[in-house]
Amino acid sequence: DRLSIASHFVAPARVAAFEDERQDGETFASKSCSISLQPGQGLAGRAFASKGAEFVPDACALSTASFPRLPLAKEFGIRSMGFIFRDGGVYEYGTDQTWKALPEVGTSLDLTAVLRTACEASDACYAMFWAESAGKLSVITHYNTPERLAAIKAERGSAEKTFATLSRATSLSVGQGLIGRVFASKGEEFVPDTSALSADRFPRLQHAKEFGIKSIGAFFCDGGVLEFGSTESWDSIPKVKATVELPTVCQRSGANYALFWEASGGKLAVSAKYVTPGRALMLKASRGDDETFITKSSAVSLQSGEGVVGRVFASHGEELVPNASELPASQFTRAALAEEFGIVSLAAVFWNGGVLEYGSTERWSCRPKVRIDLAARLKAVCDSSGAAYALFWEEVAGVLTVLEHYSPPKQVAALKAKRGDSETFATRSRGFSLRVGEGLVGRVFATSGKQLFPDVRPLTNDRFPRAQHAKEFGIRSIACVAVGGGVLEFGAVEQWTTPPKVSFSAL
């Protein structure tokens, strides 16, 4: 019934400054760990009780009655603070500077939730997300499990420094080290034993040794790289990709739940599941238990070809069920469960070797797009066709823009050596917007067809607005295919006389 700190982080530069100044390793965050509050007590308690937010422009203007840690704030020079209810608790953050308004941290909190999910799904002790800016990758959010922080504090006397916090000071070039290679390839890598690596392949080798990190997995995710690792040895990379993608599926589609089905022992079974927090709370309030459509579905196994999921698995295609109540049990074995939990519409699509299913209590007339894994799918297009780049254009309100792009690492490296920058035809294309019917892409979208342009060099700007960029980067042949509510475009520096056969779906 009391609030206490489960995890904390202090910027490394702040920790170093206090180490020089105080010689005791203490910070405002570490001293706050000994505090517990009643809901409604103090700033954190009020944010918890109201399930809202609190903003303090100047902590020194408060009284100890409203802020029991006022003496600590003065001791460590804390000026402005923010408190926000999220994930069943309260996130607090502050600075020695003066904020005029509460800084927005929603994106970082969403990433933190993803990292925590990755740790839970893999038994990792930490996870971090690397983002790219100007050709450099750095950690923008990290997470250490409470158990890991407790173990580090017991061993070292302080948990201010961890492998994850020290990694935040590292900057990697695209293609450099484990993270740089994963970002460049848009794939994944697994390191079963970090001690077997050299420093050039893994620049953070000494930090890994210092904190006993043995196994690490990393995969491309949402335009960056999600890394997770353990002090235990893993024989293979834990399957967490589907688990961390499911919340995104629900967010982008408006679904109430998402499931990922994989083949196991000759049958299809649920290997990852997610229900939106609001839906889970509503069901618990109305039912008095913790059961949901996804928990009941987890007990079901299906043959390939059986039901909606089985059919999608067998066909490698997709299906939409606008009204689950209209399907007989022979076509949808969980029809009774859908009725019990109020599921009206659901969609199933082949993805990542299994079946992604997501559904809603609302009626869908068409399958909502979720747009996950696009970069990896564009990579597969380049790998199978030998293309120098691939783009996916999405249409919104009659205008087409580039949603995702990919260029093979060798192509990027060759261009950088020649030009001295990281620009490619794909990156230049991101700045364009085309009306339906305009240019190569707009015309293909308007006709819902596909077309090969064997040689774009003679085309004028009115037919091909990016003609000058194509010449600049030596692009000769371009293929366009209308697919998934948008257009797949891929091209080469050599001439194609027939369009390469590729497989692509824009979820």
Side-chain angles (χ1 to χ4, degrees), residues 5-31 33 111-112 115-116 118-120 122-131 136-173 175-183 188-219 224-238 240:
I5 293 173
S7 180
H8 71 277
F9 169 74
V10 180
R14 181 78 170 167
V15 174
F18 277 125
E19 283 181 346
D20 292 339
E21 178 184 330
R22 297 174 56 94
Q23 307 293 317
D24 62 2
E26 293 287 6
T27 65
F28 178 70
S30 64
K31 283 287 189 74
C33 288
L111 276 175
T112 300
L115 299 181
R116 183 173 61 248
C119 287
E120 291 170 353
S122 64
D123 285 332
C125 63
Y126 80 89
M128 57 184 83
F129 189 81
W130 298 75
K136 293 288 187 179
L137 291 153
S138 59
V139 176
I140 60 170
T141 307
H142 77 274
Y143 175 77
N144 289 295
T145 65
E147 295 80 8
R148 179 61 178 159
L149 290 174
I152 291 174
K153 186 172 184 179
E155 178 184 339
R156 300 168 63 97
S158 170
E160 300 292 350
K161 291 183 179 180
T162 68
F163 177 68
T165 60
L166 291 181
S167 294
R168 294 187 76 119
T170 300
S171 176
L172 301 169
S173 298
Q176 179 189 8
L178 168 70
I179 302 304
R181 291 192 301 274
V182 169
F183 185 86
E188 70 176 29
E189 281 200 25
F190 172 55
V191 179
D193 183 5
T194 58
S195 65
L197 298 178
S198 57
D200 61 325
R201 281 188 60 81
F202 185 42
R204 294 171 294 145
L205 178 61
Q206 287 306 119
H207 293 330
K209 288 181 177 178
E210 179 182 353
F211 288 95
I213 303 300
K214 293 181 179 178
S215 294
I216 292 176
F219 61 89
V225 177
L226 195 154
E227 172 191 338
F228 55 105
S230 174
T231 55
E232 304 294 327
S233 294
W234 291 333
D235 294 328
S236 60
I237 186 170
V240 302

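From a predicted model like this one, the values you see are computed outputs, not experimental measurements. Numbering starts at 1 and runs along the sequence shown.
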Please name the pair of heavy atoms, one in [X] and one in [Y], separated by the smallest distance, quoted to 0.1 Å.
X	Y	value
T145	C119	CG2-CB, 4.0 Å
D123	S230	O-OG, 4.2 Å
Q176	S171	OE1-O, 4.3 Å
L137	G180	CD1-CA, 3.7 Å
S215	W234	OG-N, 2.8 Å
E26	F18	O-CB, 4.0 Å

Please assess S173 against K136 for the test side chain to side chain donor-acceptor pair (under 3.5 Å), listing each intermediate value before the final yes or no. CA-CA 5 Å; S173 298; K136 293 288 187 179; 2.9 Å; yes
When you compare the side chains of K153 and S158, does any donor N or O come within less than 3.5 Å of an acceptor on the partner?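 The criterion, which ignores hydrogens and geometry beyond distance, is not satisfied for S158 and K153.
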Taking atom CZ of R22 as the centre, report whether more than 12 heavy atoms of other residues, nucleotides or ligands fall under 6.0 Å from it.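 More than 12 within 6.0 Å, yes.
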Decide if atom CG of D20 counts as having more than 12 heavy atoms of other residues, nucleotides or ligands within a radius under 6.0 Å.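 Atom CG in D20 is crowded, with more than 12 foreign heavy atoms closer than 6.0 Å.
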Could you tell me the separation between the [atom1] atom of [X] and the [atom2] atom of [Y], rounded to the nearest 0.5 Å?
X	Y	atom1	atom2	value
L178	L172	CG	CG	9.0 Å
T162	E210	OG1	CD	10.0 Å
F28	H8	CZ	NE2	11.5 Å
E232	I213	CD	CD1	10.5 Å
I216	L197	CD1	CG	8.0 Å
C125	E147	SG	CD	10.5 Å

Could you walk me through whether R148 and F163 satisfy the side chain to side chain contact (heavy atoms under 4.5 Å, CB included) test, starting with their C-alpha distance in whole Å, then the side-chain angles of each, then the deciding distance to 0.1 Å, before giving a yes or no? CA-CA 11 Å; R148 179 61 178 159; F163 177 68; 5.9 Å; no
Give a yes or no on whether the backbone of I140 and the side-chain of R168 come within a donor-acceptor separation of less than 3.5 Å.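 Side chain of R168 to backbone of I140, a donor-acceptor pair under 3.5 Å: yes, one is there.
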Mark yes or no for whether S122, through its side chain, and A118, through its backbone, hold a donor-acceptor pair below 3.5 Å.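 Between the backbone of A118 and the side chain of S122 there is a qualifying donor-acceptor contact (under 3.5 Å).
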Aromatic plane relationship, H142 with F9 - under 30° parallel, 30 to 60° tilted, over 60° perpendicular: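 Judged by the thresholds at 30° and 60°, the geometry between F9 and H142 is perpendicular.
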Give the ring-plane orientation class for F228 versus F219, where under 30° counts as parallel, over 60° as perpendicular and anything between as tilted.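 Perpendicular.
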Evaluate the side-chain proximity of T27 to R14: yes if any heavy-atom separation is below 4.5 Å, no if none is.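 They are not in contact (no side-chain heavy atoms under 4.5 Å apart), so the answer is no.
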Could you check R204 against L166 for side chain to side chain contact (heavy atoms under 4.5 Å, CB included), going step by step and ending with a plain yes or no? CA-CA 9 Å; R204 294 171 294 145; L166 291 181; over 6 Å; no
Evaluate the criterion side chain to side chain contact (heavy atoms under 4.5 Å, CB included) for residue pair F202 and T194; output intermediate values, then yes/no. CA-CA 8 Å; F202 185 42; T194 58; 4.1 Å; yes
Side chain to side chain contact (heavy atoms under 4.5 Å, CB included) for V139 and T170? Distances and angles first, verdict last. CA-CA 8 Å; V139 176; T170 300; over 6 Å; no
